[in-house]
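Here the structure comes first, spelled out in structure tokens, and everything after it is commentary.
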2 protein chains.
Amino acid sequence: MTHRFIPPHDEDAPGSLDRRGRRHLAKRSRIIENAWALARRDGLAGISLRDLADSVDLRQPSLYAYFESKLGLYDAMFEEGQRQLLARSLARERLPDPRDELVAIVEDLVRFSSEDTVRHQLLFQRTIPGFEPSEVAMEPAREFVDLMTERLRAARIDGPGDVDLFSAIVSGLAHQQVANDPGGDRWVRLARRVVEAFVADVDRRADRSSKQRTTRRSLKT
Amino acid sequence: MTHRFIPPHDEDAPGSLDRRGRRHLAKRSRIIENAWALARRDGLAGISLRDLADSVDLRQPSLYAYFESKLGLYDAMFEEGQRQLLARSLARERLPDPRDELVAIVEDLVRFSSEDTVRHQLLFQRTIPGFEPSEVAMEPAREFVDLMTERLRAARIDGPGDVDLFSAIVSGLAHQQVANDPGGDRWVRLARRVVEAFVADVDRRADRSSKQRTTRRSLKT
DNA sequence: GTCTATATTCGGATAGAC
DNA sequence: GTCTATCCGAATATAGAC
């Protein structure tokens with residue numbers, strides 16, 4: 001079962017939208033926007049559909065014209081948050097040095113998380129009981145992972161465990177930043193150092209294994 | 001305002017407890033134990049005081065003899081979780097090599113988190129709206145930080161940012177382990193590597209700054 | 001699409017007797 | 001300390017008219 005709500009409409013071209021459909025989506029966006037504001041005020045799980053409806057001058061039951069349930073609302077918020085993250089990464093101009101690029105991405109990510117604690121909570125922690133993002137909502141997340149993987153490959157980081165380790169480092173920085181210095185930059189500032197240490201480790205391991213190969217070969221000949 | 005509940009009792013020695021006090025504490029412990037079980041089933045925020053009371057054969061209002069409110073219950077759970085973590089770290093025999101000791105601690109920590117997701121949630125993520133641990137509940141957490149700091153110093157890790165970076169790395173491993181491979185060891189296995197990379201980075205920076213000092217000195221003389 | 005009205009359930013917390 | 005009884009509020013969700 002999915003949380004997504006497909007509003008009923010009957011245009012001829014399924015891809016584009018008529019005036020009604022556009023208005024519908026615009027209002028839906030506004031609702032989501034206000035939902036974020038409420039979440040920042042009352043906590044993510046604390047969003048009340050009544051308050052949300054009030055904030056857009058609707059009665060509470062009318063929200064069901066836009067979302068099939070409260071979980072459907074979370075799903076929409078999740079998707080929007082993931083799109084924001086992806087959009088930000090794509091917007092920034094790519095740096096020539098792949099390692100500088102990694103540093104920039106990590107800084108971006110940590111800042112992105114610390115900008116908005118509840119967004120970080122919805123996107124990266126599983127805190128809403130019963131909520132699991134739908135396939136559609138996960139799509140931008142998948143694209144982002146692809147992008148990250150590509151950037152890591154460009155810096156010659158693709159060994160087994162490398163990506164796991166990198167993801168752990170980034171999520172750790174983000175988490176500490178959000179938890180202990182929200183809005184600040186205490187862990188953002190560590191991005192360069194951590195990337196350099198990580199890259200040095202990857203290099204060191206590559207050296208060691210290539211030396212091992214050389215040794216083995218020289219033993220044979 | 002604190003969430004802790006000091007049960008009224010009138011013994012002569014304030015430190016020790018009479019029979020009644022001991023029974024009270026024992027039952028309180030049992031309640032907390034069941035609260036963890038419910039949290040694992042329904043989520044942390046999903047604990048219902050009615051269900052909890054049922055599970056210990058009490059009526060719901062009777063719980064207020066043990067906790068002043070639901071937040072007080074969370075506070076007790078938080079304190080207990082922190083004590084478990086501290087107890088585990090103290091129980092393990094200390095390794096002679098301070099870096100091996102660091103590896104062991106990190107593995108411990110990541111395993112501790114992944115053993116029990118909701119405990120990890122309560123202890124390390126701020127997910128319950130309105131809940132902030134009381135001073136008393138934070139006490140074992142402080143002790144744990146002291147212990148960690150001491151272990152890091154033993155490995156000559158005490159530079160500015162070193163502890164921040166280390167904490168980020170550990171929490172990142174734990175978070176990824178909990179989120180993506182709960183009960184497994186995909187990130188636990190990275191503990192040794194990550195500690196070694198971290199230590200190498202600290203050494204490298206120490207070398208560099210000592211060389212800088214040497215250069216400056218040789219310029220002077 | 002939006003409304004009114006309402007169903008339904010459940011939550012935490014309190015009063016006061018025993 | 002434990003109970004019964006109850007309060008009070010809040011929540012999501014549905015039915016059906018317009």
Side-chain angles (χ1 to χ4, degrees), chain A residues 1 3 5-11 17-32 34-35 38-39 41-77 128-131, chain B residues 1 3 5-11 17-32 34-35 38-39 41-77 128-131:
Chain A
M1 197 192 78
H3 314 122
F5 182 66
I6 295 101
H9 53 94
D10 30 54
E11 345 93 65
L17 289 173
D18 55 9
R19 257 192 308 272
R20 218 166 317 185
R22 276 199 300 274
R23 285 193 67 83
H24 182 89
L25 282 187
K27 191 147 191 177
R28 193 179 135 104
S29 291
R30 185 155 167 255
I31 296 172
I32 295 174
N34 287 32
L38 280 181
R41 200 190 62 185
D42 303 330
L44 201 53
I47 297 179
S48 140
L49 296 188
R50 281 180 209 287
D51 288 356
L52 180 55
D54 280 353
S55 78
V56 291
D57 287 309
L58 282 178
R59 304 305 137 225
Q60 175 255 334
S62 306
L63 289 179
Y64 286 79
Y66 297 93
F67 310 95
E68 73 171 353
S69 72
K70 197 182 185 182
L71 290 180
L73 171 66
Y74 286 126
D75 201 55
M77 294 170 76
I128 302 288
F131 170 64
Chain B
M1 199 193 78
H3 313 121
F5 182 67
I6 295 100
H9 53 92
D10 30 53
E11 347 92 64
L17 289 173
D18 55 8
R19 259 192 305 274
R20 218 166 315 183
R22 275 199 301 273
R23 284 193 68 82
H24 182 90
L25 282 186
K27 191 148 192 179
R28 192 180 137 105
S29 290
R30 189 161 163 252
I31 296 172
I32 294 173
N34 287 33
L38 281 181
R41 200 191 63 186
D42 303 330
L44 202 52
I47 296 178
S48 140
L49 295 188
R50 285 184 157 81
D51 288 356
L52 179 56
D54 280 353
S55 78
V56 291
D57 287 309
L58 283 178
R59 303 303 138 225
Q60 175 253 338
S62 305
L63 289 178
Y64 285 80
Y66 298 92
F67 310 97
E68 73 172 354
S69 73
K70 197 183 186 182
L71 291 181
L73 172 66
Y74 286 127
D75 201 57
M77 294 170 76
I128 303 288
F131 170 64

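Hydrogens, waters and symmetry mates play no part in the numbers below; they use all other heavy atoms, side chains included. All values derive from a computational prediction rather than experimental measurement. Proteins come first, then strands; the chains are lettered A, B, ... in the order of their sequence lines, and each starts at number 1.
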Worksheet item: CG of B:L38 versus C1' of C:dC10: gap in Å, rounded?
Response: 15 Å

Worksheet item: If the sugar-phosphate is the primed atoms plus P, OP1 and OP2 and the base is the rest, what is the B/S/- string for nucleotides 4-18 of chain D, using protein heavy atoms under 4.0 Å?
Response: BB-----BBBB----

Practice prompt. Using atom CG of B:D57 as one end and atom C1' of D:dG1 as the other, report the distance to the nearest whole Å.
Written response: 15 Å

Worksheet item: How would you list, by chain and number, every residue that makes a side-chain contact (heavy atoms from CB on, under 4.5 Å) with A:R23, sequence neighbours excluded?
Response: none

Discussion item. Within residues 19-26 of chain B, which residues have any heavy atom lying less than 4.0 Å from an atom of DNA chain D?
Written reply: B:H24

Item to complete: State, with a plain yes or no, whether a side-chain heavy atom of A:D75 is found less than 4.5 Å away from one of A:F67.
Response: no

Worksheet item: Is a side-chain donor or acceptor of B:S62 paired with a backbone partner of B:L58 at a separation under 3.5 angstrom?
Response: no

Worksheet item: Is a side-chain N or O of A:Y74 found less than 3.5 angstrom from the main chain of A:H3, in a donor-acceptor match?
Response: no

Worksheet, complete the sentence: Atom CG of B:D42 and atom C1' of C:dC10 are separated, to the nearest Å, by 13 Å

Worksheet entry | Closest non-hydrogen atom pair, B:M77 against B:A39 | CE-CB, 4.5 Å

Item to complete: Check the distance between C:dG12's P and B:I128's CD1 and give it to me in whole angstrom.
Response: 11 Å

Item to complete: Return the set of residues passing ring pair (Phe, Tyr, Trp, His ring centres under 6.0 Å) with A:F5 (not counting sequence neighbours), or none when no residue passes.
Response: none

Worksheet entry | Expected output: side-chain B:N34 to main-chain B:L52 donor-acceptor under 3.5 Å | no

Fill in: Pairwise distance CG(A:D57) to CZ(A:R30) - rounded to 0.5 angstrom
7.0 Å

Worksheet item: Taking CZ from B:F5 and P from C:dG12, how many angstroms apart are they, rounded to a whole number?
Response: 17 Å

Worksheet item: What is the distance, rounded to the nearest whole Å, between atom NZ of B:K27 and atom C1' of D:dG1?
Response: 8 Å

Practice prompt. Using atom CD1 of A:I31 as one end and atom P of C:dG1 as the other, report the distance to the nearest whole Å.
Written response: 11 Å

Discussion item. I'd like to check the side-chain contact (heavy atoms from CB on, under 4.5 Å) partners of B:D51; sequence neighbours left out, ordered by chain and number.
Written reply: B:L38, B:R41, B:D42, B:S48

Worksheet item: DNA chain C: stems of at least 3 consecutive Watson-Crick or G-U pairs, cut-off 3.5 Å?
Response: C:1-18 with D:1-18

Discussion item. Test your reading of the model: is there a side-chain donor-acceptor pair from A:K27 to the backbone of A:R22, 3.5 Å cut-off?
Written reply: no

Worksheet item: What is the ring orientation for A:H24 with A:Y66, classed by angle as parallel under 30°, tilted 30 to 60°, or perpendicular over 60°?
Response: parallel

